[in-house]
A.B. asks: 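Input: one structure, supplied below.
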Amino acid sequence: MKKKVLVFITTFALLISMAIPAFAAESYGYGASAADSSSATIAQSIYDTYGIEAFLVVDNENEAENASVELAKSSVSSLASGNNVVMLSITATEYYLYKSGTAENYDFTASELYADLKEYDLAGEYEMATVTFLNDVNLVLAGGAVTSSSDTPSTTGNPYNTPVSDGSRVVDAADLLTDSEEAELVAKLDEISQRQQFDVVVVTTDTLDYKSAMAYADDFYDYNGYGFGASNDGCLLLISVEGGPGNRDWWISTTGYGITALTDAGINYIGEEIVPSLKKDDWAGGFTKYADLVDEFVTQAKTGTPYDVNNMPKTAKETLKGILIAIGIALVAALIAVLKVKSNYKPVKFNSSASDYLVPGSFVVTGSYDNFVTTSVSKTRRESSSSGGGSSTHSGSSGTSHGGGGGKF
């Protein structure tokens, strides 16, 4: 009798544990799918072979900050029966990789795991997404690189709360643009990016999630798959309004050919051109100017020497200033010449004949000849001084090399 009761309680507890995730999100993987599904079969095989429980948990209705982290933590407590777990949790705006126990010894990369299943996630085909995820997990476990072990949640490959983009080159999370302005900007950035084979991206946010603007911009670019070619060529303008007027952030992150085309001096130049518009909350105007300047800078780099310290385009203000200075110099020079001529002018009495103006004996005509034999010219190159240039670089959390620069406004 006691044995029957124990079996009943165990069975009932198992059924309840399998049903719990449904109240918050859909979960897939070991112990969470129907017994006859492909994902359940693969998950069971992974557990039998490596002793690791693998789950994909999805809640695409949740847009809260840090939602993917909280989803993973709550799902682990309700789904996992042991301490060896690998879980990818996906919410409406972010994804998060959780590892614990022996799963920490393997080099799972969240960005790669998500990239493989992204099309299924966006299409709502979660059984296929889970199969893809579990196959990738199995592949890593079969020959994965060993990394350092830890018992704490991991964000390997996707730093804490890095938002997930839908692939658009405009991600206006801070809602700074109207729908029509955003549509026009998307069209403009898409045209430039395709023509130049160089991604030009704009991202706005109302929180940096305790990151620096540089780290946030770098991570957003890297973990959302932007960039052309093997070097992920492109650049991203990040605007954070978290600090309020006077303490808001702008940052341009460059990658691949972007590091060549947009030097440190070039980024400062672009900043000086767009910040006046941003300060006035003319977001569309500032972003459009950014796009046009990046287009110009990339073209310049491809057809000549990249714009840099000693080779920078003139601003409209500088051009107007140069014209005004030239006009001023010309007017002053003309005035000086007129005054000098006038000072030397002495009126004389009018005579009827030109010969009356000649002083006797003062007009003598002589002849002379110059014979040009040879010339010698010595040339010495004048060295120009240089105050440096190029792009300073750093590595993002993904290991990718970035250039960049920014400031407050």
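The model shown is predicted, which means the values in this text are computed figures rather than measured ones. Values below: every heavy atom of this structure, side chains too, minus hydrogens, waters and symmetry copies.
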A.B. asks: Going from CG on Leu236 to OG on Ser253, what distance comes out if it is rounded to the nearest 0.5 angstrom?
C.D. replies: 6.5 Å
A.B. asks: Roughly how far apart are Phe297 CZ and Cys235 SG, rounded to 0.5 Å?
C.D. replies: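 Output value for this atom pair is 11.0 Å.
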A.B. asks: Assess the side chains of Thr400 and Ser398: does a donor N or O sit below 3.5 Å from an acceptor N or O?
C.D. replies: yes
A.B. asks: On the 0 to 90° scale, with breaks at 30° and 60°, tag the Tyr106-Phe108 ring pair as parallel, tilted or perpendicular.
C.D. replies: tilted
A.B. asks: Does Val186 reach the side chain of Ser168, with side-chain heavy atoms less than 4.5 Å apart?
C.D. replies: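 In contact.
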A.B. asks: Hydrogens and angles aside, do Asp59 and Thr91 bring a side-chain donor and acceptor to less than 3.5 Å of each other?
C.D. replies: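 No, Thr91 and Asp59 have no side-chain donor paired with an acceptor closer than 3.5 Å.
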A.B. asks: Would one find more than 12 heavy atoms of other residues, nucleotides or ligands at under 6.0 Å from atom NZ of Lys279?
C.D. replies: no
A.B. asks: For the pair Asp282 and Lys289, find out whether any cationic side-chain nitrogen is under 4.0 Å from an anionic carboxylate oxygen.
C.D. replies: no
A.B. asks: Would you say Glu125 has more than 12 foreign heavy atoms packed within less than 6.0 Å of its CD?
C.D. replies: yes
A.B. asks: Is the closest side-chain donor-acceptor distance between Ser89 and Glu70 under 3.5 Å?
C.D. replies: no
A.B. asks: Could you check if a side-chain atom of Leu237 sits within less than 4.5 angstrom of a side-chain atom of Trp251, using non-hydrogen atoms only?
C.D. replies: no
A.B. asks: Apply side-chain contact (heavy atoms from CB on, under 4.5 Å) to residues Val241 and Leu176 and explain how you reach the verdict.
C.D. replies: CA-CA 9 Å; Val241 296; Leu176 303 181; 4.1 Å; yes
A.B. asks: Going from CD on Glu112 to CG on Leu117, what distance comes out if it is rounded to the nearest 0.5 angstrom?
C.D. replies: 12.0 Å
A.B. asks: How about Phe198 and Phe228: are their ring centroids closer than 6.0 Å?
C.D. replies: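 Distance test on ring centres: not under 6.0 Å, no.
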A.B. asks: Test your reading of the model: is there a side-chain donor-acceptor pair from Thr49 to the backbone of Ile46, 3.5 Å cut-off?
C.D. replies: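 Not confirmed, Thr49 side chain does not pair with Ile46 backbone.
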A.B. asks: So, Thr255 versus Tyr226: side-chain donor-acceptor pair below 3.5 Å or not?
C.D. replies: no
A.B. asks: Out of curiosity, Thr207 OG1 to Glu242 CD, how far, rounded to the nearest 0.5 Å?
C.D. replies: 4.0 Å
A.B. asks: Begin with the C-alpha distance, continue with both residues' side-chain angles, and end with the deciding distance and a verdict on salt bridge (Lys or Arg N to Asp or Glu O under 4.0 Å) for Asp281 and Arg248.
C.D. replies: CA-CA 11 Å; Asp281 292 351; Arg248 299 178 292 196; 3.1 Å; yes
A.B. asks: Give me the atom names and distance for the closest heavy-atom approach of Leu278 to Gly286.
C.D. replies: CD2-CA, 4.2 Å
A.B. asks: Can Thr102 and Tyr50 be said to form a side-chain contact (heavy atoms from CB on, under 4.5 Å), step by step?
C.D. replies: CA-CA 9 Å; Thr102 57; Tyr50 303 101; over 6 Å; no
A.B. asks: Just how far is it from atom CD1 of Ile52 to atom CD of Glu104, taken to the nearest 0.5 Å?
C.D. replies: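 Atom-to-atom, Ile52:CD1 and Glu104:CD are 10.0 Å apart.
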A.B. asks: Can you name the nearest heavy-atom pair linking Asp264 to Ser391, along with the distance?
C.D. replies: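 Closest pair (atom of Asp264, atom of Ser391, distance): OD1-CA, 3.6 Å.
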A.B. asks: Do His394 and Met214 come close enough that some side-chain heavy atom pair is under 4.5 Å?
C.D. replies: yes
A.B. asks: What are the two closest non-hydrogen atoms of Ile239 and Trp283, and how far apart are they?
C.D. replies: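 Scanning both residues completely, I find the closest heavy atoms to be CG2-CZ3, 3.9 Å.
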A.B. asks: Does Asn311 CG have over 12 foreign heavy atoms under 6.0 Å away?
C.D. replies: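 Yes, because the 6.0 Å sphere around CG of Asn311 holds more than 12 heavy atoms from other groups.
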A.B. asks: Among Val171, Val201, Val203, which residue meets the side-chain contact (heavy atoms from CB on, under 4.5 Å) test with Leu238?
C.D. replies: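 Testing each of Val171, Val201, Val203 against Leu238, the sole residue satisfying side-chain contact (heavy atoms from CB on, under 4.5 Å) is Val203.
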A.B. asks: Any carboxylate oxygen within less than 4.0 angstrom of a Lys/Arg side-chain nitrogen, looking at Arg195 and Glu191?
C.D. replies: yes
A.B. asks: As an exercise, state the distance from CG of Asn268 to CE of Met312, rounded to the nearest 0.5 Å.
C.D. replies: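 Going from the CG atom of Asn268 to the CE atom of Met312 covers 8.0 Å.
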A.B. asks: Any donor and acceptor pair, going by atom type alone, linking the side chain of Asn224 with main-chain N or O of Phe220 inside 3.5 Å?
C.D. replies: yes
A.B. asks: Of the non-hydrogen atoms in Tyr269 and Leu293, which two are nearest, and what is the gap between them?
C.D. replies: CE2-CD2, 4.0 Å
A.B. asks: What pair of heavy atoms forms the shortest contact from Ile259 to Ser401, and how long is it?
C.D. replies: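 Scanning both residues completely, I find the closest heavy atoms to be CD1-O, 3.8 Å.
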A.B. asks: Compute whether any side-chain donor of one residue and acceptor of the other, for Glu94 and Ser68, lie under 3.5 angstrom apart.
C.D. replies: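 Distance-only check passes for Glu94 and Ser68.
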A.B. asks: Does the plane of the ring in Tyr114 sit parallel, tilted or perpendicular to the ring in Tyr95? Use 30° and 60° as the thresholds.
C.D. replies: parallel
A.B. asks: Less than 3.5 Å apart, any donor N or O on the side chain of Asp295 or Gln196 sitting next to an acceptor on the other?
C.D. replies: yes
A.B. asks: Taking all non-hydrogen atoms of both residues, which atom of Asp233 and which atom of Gln197 are closest, and how far apart?
C.D. replies: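 Closest approach of Asp233 to Gln197: CB-O, 4.3 Å.
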A.B. asks: Hey, does the side chain of Ser75 reach the backbone of Ala72 with a donor-acceptor pair shorter than 3.5 angstrom?
C.D. replies: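 Side chain of Ser75 to backbone of Ala72, a donor-acceptor pair under 3.5 Å: no, none is there.
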A.B. asks: Indicate whether the side chain of Asp209 and that of Tyr216 have a donor and an acceptor atom separated by less than 3.5 Å.
C.D. replies: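 No - no donor-acceptor pair under 3.5 Å links their side chains.
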